[in-house]
Chemist: 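Got a structure for you, written out below as structure tokens; questions coming shortly.
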Amino acid sequence: MVARVAGVFDEKLTEAIANSKILVVGAGGIGCEILKNLVLTGFPNIEIIDLDTIDVSNLNRQFLFHKEHVGKSKAQVAKDSALGFNPNVNIVAHHDSVISNDYGVSYFKQFQIVMNALDNRVARNHVNRMCLAANVPLIETGTAGYAGQVELIKKGLTQCYECQPKAPQKTFPGCTIRNTPSEPIHCIVWAKHLFNQLFGEEDPDQDVSPDTADPEASGEAGASALSTEGNTAGNVERKSTRAWAAESNYDPEKLFTKLFGDDIRYLLSMENLWKKRRPPTPLVWDNLPGKDNAPAQHSGLPDQRTWSVHECAQVFAASCSALQKDLKSRADGDHLVWDKDEKSSMDFVTACANIRAHIFNIPLKSRFEIKSMAGNIIPAIATANAIVAGLAVLRAQAVLRGDINSCTSVYLRPKVNHRGQLFVPEKTLTPPNPKCYVCAPKPEVGLACNLKQLTLKDLTTAFKEGLNMQAPDATVEGKGLVVLSSEPGETDHNNEKTLEEIGLNDGCALLVDDFLQNYEVRVRLQQEDEEKSWRLVTDTDAPMPAPKEDEKPANGSNGSDPKPGPSTSRTRADSDSDMEIIEEDDDEPTVKPPKRRRTEVSDEIVNLC
Amino acid sequence: MVENNDIELSEAEAEQYDRQIRLWGLESQKRLRASKVLIIGLAGLGAEIAKNVILSGVKSVCLLDNEKLKEIDLYSQFLAPPDKIGENRAEASLTKARALNPMVEVTSETKSVDNLPDKFFQEYDIVCATGLKQEQLERINNACRDSNKKFLCGDVWGMYGYMFADLVDHEYSEEIVQHKAVKRGSDDAEKNARETVSINVKRRAIYVPLQNALSVDWTRPEMRSRLRRGDPSYFVMKILLRFKDEYNRNPDPAKRKEDTKILLRMRDELVKELSLPAGFIVDALLLDVFGTVSGAAAVIGGVIGQEVVKAVSQREPPHNNMFFFNPVKCVGFVELYGQ
Ligand SMILES: [Zn+2]
């Protein structure tokens with residue numbers, strides 16, 4: 001018997017715990033705390049999954065890990081440490097992604113409760129569906145700084161994780177990034193794009209050169225119906241930035257002169273842009289501000305000192321050569337991946353963002369600040385994680401005791417509300433949204449797109465990124481005709497054909513299903529000539545109901561409604577109110593995720609103006 | 001109080017504390033690094049507080065306990081390994097406590113608080129006392145007060161818990177975030193950027209000692225009106241402190257039935273004594289007060305750990321002066337008593 005002392009709990013709960021099997025998804029800050037509580041309480045069977053490895057910046061809160069564990073599997077080390085509290089518990093650790101065929105519906109069905117301690121929306125969505133399909137109660141947790149929340153999700157009883165649309169990721173118009181930045185974040189986004197253009201995976205949506213198709217520049221601002229040709233024609237040069245840089249052997253002075261001299265002069269020639277704006281000032285490599293000044297006296301962390309433009313240029317040169325060397329040492333066609341914790345990558349983005357900021361009269365930022373914004377770091381502390389994990393395990397006990405109806409969502413507020421409450425429970429369970437395209441009895445969603453342009457490949461992307469499916473199959477409703485197959489090769493020959501070409505038209509309904517998630521949704525196609533990509537149309541698109549007075553936590557001084565969400569909410573730079581509650585800052589998983597996760601881990605989606 | 005020494009953080013410190021420095025700032029981290037903390041009572045709650053405080057990066061933590069590790073402690077005490085049953089709880093916790101953060105100096109003290117002079121407690125910037133009787137708590141609180149040192153105490157019984165804080169005369173800064181529109185060289189309204197500006201406001205909070213908070217006169221009209229809208233958690237604490245006084249122990253899981261009867265009787269006595277509304281302190285609150293439930297210890301230990309951080313870093317408003325966790329409603333709230 002693992003529960004060592006009888007009488008701590010009543011008999012019913014003691015027995016329920018003794019017969020339970022719990023899955024903990026995530027072994028980060030909250031995951032470590034949940035595991036500790038479960039093991040101490042005497043939960044006899046626990047499985048824990050995490051694909052991540054331990055980083056030194058985890059150690060201020062992920063207390064099952066110590067310095068000597070850096071680089072090792074979180075799940076495995078968490079298991080080993082926790083067994084030290086109670087060696088009689090049976091813990092199974094998986095150093096793995098939870099999104100895998102190894103963890104199908106039948107795997108989930110063996111647990112009485114699943115506890116989520118995740119740091120990204122993709123995995124949260126996936127576990128949500130698995131728990132709905134397996135009909136297992138899910139306890140969803142998250143923290144951001146001082147705030148946090150615990151939420152029970154149970155099929156048919158409560159809303160699911162996807163019942164309410166999540167705040168969309170903040171995006172910046174491409175022309176703001178390329179032509180008219182006005183805030184530090186615009187320069188940081190540009191600098192990260194530049195990194196990818198020069199050293200990373202080239203992405204045509206991340207062009208960094210002046211955008212001549214900017215409707216404002218053409219003098220017909222407002223008539224913004226851009227043709228697709230406009231995009232390509234808008235680039236100053238057809239040659240890729242990467243090819244150009246390689247030709248000049250990544251010579252820092254030449255790069256600098258092009259990026260911060262020539263391109264800026266080109267922008268100046270687009271006079272319309274500067275009628276109501278302060279124009280940018282091109283820079284000259286050997287005459288930069290701060291050249292003759294000794295660095296200012298600075299107290300604080302070295303990273304918190306803001307560099308002069310001259311220093312930025314030096315860092316630019318040094319990081320360029322380091323990154324070029326790294327790139328050259330790799331196999332042909334391989335590329336670098338931007339990482340805020342890699343010195344040269346972070347140096348490069350800091351230097352370029354600041355040089356560009358100076359050009360556009362935008363305040364310069366320290367490397368420390370730019371790291372927060374570029375790396376989407378959400379602060380994380382031990383105490384908030386401990387509180388949320390403690391509440392989550394108490395909620396799990398209540399579920400096991402049969403009190404599931406009492407398990408309303410609980411919010412940990414950064415500061416007490418006007419009634420003095422620090423942990424604020426909802427009064428009632430929130431019932432499922434009958435129009436939810438995930439948990440409704442007959443899920444349905446619209447997909448707006450231009451059928452004449454959207455290809456089958458794009459449609460697959462829409463299912464994966466928009467509907468968060470892993471391996472979608474699609475048939476035409478009523479006809480059973482297979483449009484898209486998850487079997488390799490079966491429908492690949494149609495990948496480049498447009499939906500119109502494969503016979504799909506406006507109003508056509510597809511039955512799309514994901515075998516792993518045991519999830520099927522009816523997708524109605526809606527023709528929209530203006531739609532350049534695709535867009536989900538849901539009945540839940542109505543704005544979120546305003547938070548009930550004083551039942552939701554506030555971030556900082558402005559009341560907001562934090563929901564578990566992606567680790568890549570870039571909106572933090574703008575306003576606290578958009579900050580979403582998530583578990584960790586642990587940005588990208590170490591294992592490169594499948595391509596479908598690109599929007600989750602990539603930094604920003606840049607739309608055309 | 002805590003001197004902010006001007007020695008800069010090492011690279012190792014900056015790296016390890018990065019995620020919290022981004023939340024509470026470098027100044028707070030420096031103040032934390034200069035502060036000495038005493039944690040009394042190494043049952044489950046003491047272990048939780050110790051973990052949170054050591055992880056935060058204070059200068060030193062002393063673990064004080066004269067009791068031996070018992071089997072029931074293992075339900076919530078994760079610093080002392082199971083094979084150390086029978087050993088002193090503070091000493092048994094040292095190895096794991098130190099491993100949490102080698103940059104913090106962790107020591108132990110095995111004397112009873114009753115055998116330690118006032119000046120022992122006055123050497124720390126903040127004292128967190130758990131598992132003691134009311135009389136012992138009041139004595140240590142007053143000793144801290146006499147030398148202007150901060151005092152916190154709390155306890156967890158089963159799933160229920162409370163915290164009390166006496167930060168004496170506490171100055172702190174509070175960050176207030178404001179949004180303002182910033183114009184960037186253009187009259188074009190849509191080109192105006194919104195910028196968040198945070199300003200630090202200095203504030204001051206005056207606290208009362210524990211004996212004031214525990215000897216509230218419930219006949220006063222303002223206290224009666226508080227009863228009408230209030231939560232009974234304060235009285236649960238009163239009942240459990242009385243139980244401890246009277247029986248010289250906490251409610252015992254092995255005597256769950258008998259002790260529940262005693263608790264309900266004590267509840268009825270208190271209701272009569274203070275003329276509380278009948279049914280105000282529901283039975284459910286007194287049924288799950290056995291041992292220390294790990295989840296509850298984590299919750300209360302998290303709150304107390306955060307109050308230690310706020311108190312020594314003098315940043316953000318600390319709770320004044322009692323926090324209660326009502327597990328029946330899963331609500332945690334702050335109320336001011338004795339002022
Ligand atoms: Zn739903």
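First the proteins, then the strands, lettered A, B, ... as listed; each starts at 1. What's counted below: heavy atoms across the whole structure, side chains too, no hydrogens, waters or symmetry copies. Please read all numbers here as calculations on a predicted model, not as lab measurements.
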Chemist: Less than 4.5 Å apart, side chain to side chain, heavy atoms only: is that true for Phe325(B) and Leu391(A)?
Modeler: yes
Chemist: Measure distances from Gln397(A) to the heavy atoms of chain B and classify the residue's part below 4.5 Å as side chain, backbone, both or neither.
Modeler: side chain
Chemist: Would Phe9(A) and Met159(B) count as a side chain to side chain contact (heavy atoms under 4.5 Å, CB included) here? Give the steps.
Modeler: CA-CA 10 Å; Phe9(A) 300 123; Met159(B) 300 193 198; 3.8 Å; yes
Chemist: Taking side chain as everything from C-beta outward and backbone as N, CA, C, O, which of these in Gln77(B) sits under 4.5 Å from a heavy atom of chain A? Side chain, backbone, both or neither.
Modeler: backbone
Chemist: When you look at CD of Glu68(A), are more than 12 heavy atoms from neighbouring residues, nucleotides or ligands closer to it than 6.0 Å?
Modeler: yes
Chemist: What are the two closest non-hydrogen atoms of Ser294(B) and Leu40(A), and how far apart are they?
Modeler: OG-CD1, 3.6 Å
Chemist: Looking at Lys261(B), I want to see if its NZ is surrounded by more than 12 non-hydrogen atoms of other residues, nucleotides or ligands under 6.0 Å.
Modeler: no
Chemist: Is the backbone N or O of Phe368(A) less than 3.5 Å from a side-chain atom of Arg22(B), with the two atoms forming a donor-acceptor pair by type?
Modeler: yes
Chemist: Tell me, with the steps shown, if Arg256(B) and Asp10(A) meet side chain to side chain contact (heavy atoms under 4.5 Å, CB included).
Modeler: CA-CA 9 Å; Arg256(B) 197 178 163 92; Asp10(A) 61 32; 3.7 Å; yes
Chemist: Which region of Ile34(A), side chain (C-beta onward) or backbone (N, CA, C, O), has a non-hydrogen atom less than 4.5 Å from a non-hydrogen atom of chain B, or is it both or neither?
Modeler: neither
Chemist: Checking Leu59(A) against chain B: side chain, backbone, both or neither under 4.5 Å from a heavy atom?
Modeler: both
Chemist: Could you measure the distance from the OH atom of Tyr75(B) to the OG1 atom of Thr41(A)? Nearest 0.5 Å is fine.
Modeler: 8.0 Å
Chemist: Between Asn86(A) and Leu74(B), does a side chain to side chain contact (heavy atoms under 4.5 Å, CB included) hold up when you go through it step by step?
Modeler: CA-CA 8 Å; Asn86(A) 184 354; Leu74(B) 300 178; over 6 Å; no
Chemist: Evaluate side chain to side chain contact (heavy atoms under 4.5 Å, CB included) for Val39(A) paired with Phe78(B), printing each intermediate quantity in order.
Modeler: CA-CA 10 Å; Val39(A) 166; Phe78(B) 54 92; over 6 Å; no
Chemist: Side chain, backbone, both or neither: which part of Asp288(B) has a non-hydrogen atom closer than 4.5 Å to chain A?
Modeler: side chain
Chemist: Tell me, for Pro317(B) versus chain A, whether the close heavy atoms (under 4.5 Å) come from the side chain, the backbone, both or neither.
Modeler: side chain
Chemist: Below 4.5 Å from any heavy atom of chain A, which atoms of Gln20(B) appear? Answer side chain, backbone, both or neither.
Modeler: both
Chemist: Just give me the residue among Gly291(B), Ala14(B), Gly305(B), Ala99(B) that pairs up with chain A most often, heavy atom to heavy atom, under 4.5 Å.
Modeler: Ala99(B)
Chemist: Against chain B, label Ser406(A) side chain, backbone, both or neither, depending on which of its atoms sit under 4.5 Å from a heavy atom there.
Modeler: neither
Chemist: Can you name the nearest heavy-atom pair linking Gly390(A) to Ala298(B), along with the distance?
Modeler: CA-CB, 4.1 Å
Chemist: Looking only at heavy atoms and a cut-off of under 4.5 Å, which of Ala384(A), Gly300(A), Ala382(A), Ser81(A) has the most pairs with chain B?
Modeler: Gly300(A)
Chemist: Can you tell which part of Lys255(B) gets under 4.5 Å to a heavy atom of chain A, answering side chain, backbone, both or neither?
Modeler: neither
Chemist: Tell me, for Val334(B) versus chain A, whether the close heavy atoms (under 4.5 Å) come from the side chain, the backbone, both or neither.
Modeler: both
Chemist: How close do Phe323(B) and Leu422(A) get, counting heavy atoms only, and between which atoms?
Modeler: CE1-CD2, 3.9 Å
Chemist: I need the Phe63(A) CZ to Asn52(B) CG distance, nearest 0.5 Å.
Modeler: 9.0 Å
Chemist: Quick check for you: among Leu26(B), Asp18(B), Val309(B), which has the greatest number of heavy-atom pairs under 4.5 Å with chain A?
Modeler: Leu26(B)
Chemist: Check whether Glu174(B) gets within reach of chain A through its side chain, its backbone, both or neither, counting any heavy atom under 4.5 Å.
Modeler: side chain
Chemist: Quick one: what part of Phe360(A) sits under 4.5 Å from any heavy atom of chain B, side chain, backbone, both or neither?
Modeler: neither
Chemist: Answer with side chain, backbone, both or neither: which region of Val328(B) has an atom nearer than 4.5 Å to a non-hydrogen atom of chain A?
Modeler: neither
Chemist: Please report the shortest heavy-atom distance between Leu23(B) and Pro379(A), naming the atom on each side.
Modeler: CB-CB, 3.6 Å
Chemist: For Ile381(A), is it the side chain, the backbone, both, or neither that has a heavy atom closer than 4.5 Å to a heavy atom of chain B?
Modeler: side chain
Chemist: Count the heavy atoms of every other residue, nucleotide or ligand shown that sit under 6.0 Å from CD of Glu258(B), and state whether that count exceeds 12.
Modeler: yes
Chemist: Go through the atoms of Glu175(B) and report whether side chain, backbone, both or neither lie under 4.5 Å from a heavy atom of chain A.
Modeler: backbone
Chemist: How many angstroms lie between NE2 in His66(A) and CG in Leu100(B), if you round to the nearest 0.5 Å?
Modeler: 5.0 Å
Chemist: I need the residue from Asp83(B), Val53(B), Leu55(B) with the largest number of non-hydrogen atom pairs under 4.5 Å to chain A.
Modeler: Leu55(B)
Chemist: Go through the atoms of Val416(A) and report whether side chain, backbone, both or neither lie under 4.5 Å from a heavy atom of chain B.
Modeler: side chain
Chemist: Where do Pro82(B) and Phe85(A) come nearest, in terms of heavy atoms and distance?
Modeler: CG-O, 3.6 Å
Chemist: Rounded to the nearest 0.5 Å, what's the gap from CZ on Arg19(B) to OG on Ser372(A)? Could you check?
Modeler: 8.0 Å
Chemist: To the closest 0.5 Å, what do you measure between OG (Ser57(A)) and CD (Glu15(B))?
Modeler: 8.0 Å
Chemist: Calculate, to the nearest 0.5 Å, the distance between atoms CG and OH belonging to Leu301(A) and Tyr17(B) respectively.
Modeler: 13.0 Å
Chemist: Salt-bridge test for Glu33(A) and Lys51(B): reply yes if a basic N is under 4.0 Å from a carboxylate O, no otherwise.
Modeler: yes
